[in-house]
Novice: 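The structure that follows is given in the form of structure tokens.
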Amino acid sequence: MENWNYFNYFTEIEEYFWKKRGAHLLVSPLDWAIMEAWQKAGVPLDAVLKGIDRAFESYQRSRRGAGKPLKNLAYCVDAVLQAAEEQTEAATGSLQKGKGNRSAAHQAFSTDELRAYFLKNAAQIAKAIEKTQDQQPELASLLNEVQQSLASSLILLDAPGGPDLEDLERRLTVLDDKLHAALSTYAGEELALGIRREMDAQLAVYRRKMQPAQLAMVEKQFLQKRLLEHFALPRLSLFYFT
């Protein structure tokens, strides 16, 4: 656990969950929303994995676990939150140290890989602009601003000594926020309503198990993910670097 890649937070959780299940299956939109909620809340990776272990142990001891695999991460929410709460101040300090470890971050990505990631995302945004510029010109204009900001960030990759990934991540987070705000504003009532119905159906079984703050964050991440998928737009944060 000492050498885990902070920017591969989601991949680490996803692969660990697959191993525990014994099957390599696609993670559901709800699972992604839960992982994103944990990341946004600053839940350390080791707390997530410990919580998943506990959830599987509890599930296997229950009647539901008799011969049936644990299907999604929603069952792990309580155990993960409990594991996170058990983290001491020293553990929290270790997490912050891990976030600020630039030498480890530099080893995670090469400049060429980052440039390819930026260009791939810029190309996806360009396609979305082309599709929306006639019927949703306001949205297309905002997407164009994000694309230009992303393109200008390419210069930072050639900084002497290599790019400052922490600062780069801050910039990309700002652009992600602009994307989410634009999509929420111009998504359209019917699209938003359809996504909320889907979200409510998937969350119905788990609402009582989640704390209000956790539930609100999962709902937010679910809505954002579905809107990005509808408009075929990428996540820009380095957390989604693959």
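All values below were derived from every heavy atom in this structure, side-chain atoms included, with hydrogens, water molecules and symmetry-related copies excluded.
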Novice: Kindly give the heavy-atom pair with the smallest separation between Arg235 and Asn121, and that separation in Å.
Specialist: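 Smallest interatomic distance, heavy atoms only, reads O-ND2, 3.6 Å.
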Novice: Start with the C-alpha gap between Leu165 and Leu114, add the side-chain angles, then the distance that decides, and say whether side-chain contact (heavy atoms from CB on, under 4.5 Å) holds.
Specialist: CA-CA 10 Å; Leu165 293 187; Leu114 287 170; 3.7 Å; yes
Novice: Evaluate salt bridge (Lys or Arg N to Asp or Glu O under 4.0 Å) for Arg170 paired with Asp167, printing each intermediate quantity in order.
Specialist: CA-CA 5 Å; Arg170 294 187 192 100; Asp167 187 63; 3.7 Å; yes
Novice: Compare every heavy atom of Ala128 with every heavy atom of Leu233, then report the nearest pair and how far apart it is.
Specialist: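 Where Leu233 meets Ala128 most closely, the heavy atoms are CD2-CB, 3.5 Å.
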Novice: With a 4.5 Å limit on heavy-atom distance, are the side chains of Lys20 and Tyr59 in contact?
Specialist: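 Sidechains of Tyr59 and Lys20: no contact.
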Novice: Could you tell me if the side chain of Leu139 sits less than 4.5 Å from the side chain of Phe231, heavy atoms only?
Specialist: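 In short, these two side chains touch, coming nearer than 4.5 Å.
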Novice: Find out whether Glu12 and Tyr16 are in side-chain contact, i.e. whether some heavy atom of one side chain is under 4.5 Å from a heavy atom of the other.
Specialist: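 Not in contact.
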Novice: Under a 3.5 Å distance rule, please check whether Gln147 uses its side chain to pair with a backbone N or O of Ala122 as donor and acceptor.
Specialist: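 A pair under 3.5 Å: yes.
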Novice: For a 4.5 angstrom cut-off between non-hydrogen side-chain atoms, does Leu73 reach Val80?
Specialist: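 No, every pair of side-chain atoms sits at 4.5 Å or beyond.
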Novice: Considering only NZ, NE, NH1 and NH2 on the basic side and carboxylate oxygens on the acidic side, decide whether Lys127 and Glu130 come within less than 4.0 Å.
Specialist: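 No.
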Novice: Measure the spacing between CG of Leu183 and CD of Gln136 and express it to the nearest 0.5 Å.
Specialist: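 So the gap between those two atoms works out to 9.0 Å.
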Novice: In the structure I gave you, are the side-chain heavy atoms of Cys76 and Ile52 within less than 4.5 Å of one another anywhere?
Specialist: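 Heavy-atom side-chain distance check passes, below 4.5 Å.
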Novice: So, does Gln133 use its side chain to make a donor-acceptor pair with the main chain of Ala140 at under 3.5 Å?
Specialist: no
Novice: Just so I know, are the side chains of Leu179 and Gln224 near enough to count as touching, which here means a heavy-atom distance under 4.5 Å?
Specialist: no
Novice: Which pair of non-hydrogen atoms, one from Tyr75 and one from Ala55, has the smallest distance, and what is that distance?
Specialist: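 Residues Tyr75 and Ala55, closest heavy atoms: CE2-O, 3.5 Å.
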Novice: Between Asp200 and Arg196 (salt bridge meaning N to carboxylate O under 4.0 Å), is one present in this structure?
Specialist: no
Novice: With side-chain contact (heavy atoms from CB on, under 4.5 Å) as the test, would you mind laying out the steps for Glu138 and Thr185 before giving the verdict?
Specialist: CA-CA 10 Å; Glu138 298 90 350; Thr185 300; over 6 Å; no
Novice: Considering only NZ, NE, NH1 and NH2 on the basic side and carboxylate oxygens on the acidic side, decide whether Lys225 and Glu36 come within less than 4.0 Å.
Specialist: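 No salt bridge links Lys225 with Glu36.
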Novice: Does the pair Glu169 and Thr173 meet the rule for a side chain to side chain donor-acceptor pair (under 3.5 Å), with working shown?
Specialist: CA-CA 6 Å; Glu169 173 60 20; Thr173 299; 3.2 Å; yes
Novice: State, to 0.1 Å, how close Gly51 and Ala83 come at their nearest heavy-atom pair, and which atoms those are.
Specialist: N-CB, 4.1 Å
Novice: For the residue pair Leu154 and Leu119, what are the closest heavy atoms and their distance?
Specialist: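 Result for this residue pair: CD1-CD2, 3.9 Å.
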Novice: Write down the atom of Leu175, the atom of Ser149, and the distance for their closest heavy-atom approach.
Specialist: CD2-CB, 3.5 Å
Novice: Mark yes or no for whether Asp176, through its side chain, and Leu236, through its backbone, hold a donor-acceptor pair below 3.5 Å.
Specialist: yes
Novice: Just by distance, do the side chain of Ser184 and the backbone of Ala181 share a donor-acceptor pair under 3.5 Å?
Specialist: no
Novice: Got a salt bridge between Arg115 and Asp112, using NZ or NE/NH1/NH2 to carboxylate O under 4.0 Å?
Specialist: yes
Novice: Is the shortest side-chain heavy-atom distance between Tyr186 and Leu142 below 4.5 Å?
Specialist: yes
Novice: Would a 4.5 Å heavy-atom cut-off, applied to side chains only, mark Phe10 and Trp38 as touching?
Specialist: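 Counting from C-beta outward, Phe10 and Trp38 never come under 4.5 Å.
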Novice: Examine Leu150 and Leu143 and state if one hydrophobic cluster contains both, with Ile, Leu, Val, Met, Phe, Trp and Tyr joined whenever side-chain heavy atoms are less than 4.5 Å apart.
Specialist: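 Result: yes, single cluster for both.
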Novice: Can you confirm whether more than 12 heavy atoms, excluding those of Lys178, are under 6.0 Å from its NZ atom?
Specialist: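 Enclosed.
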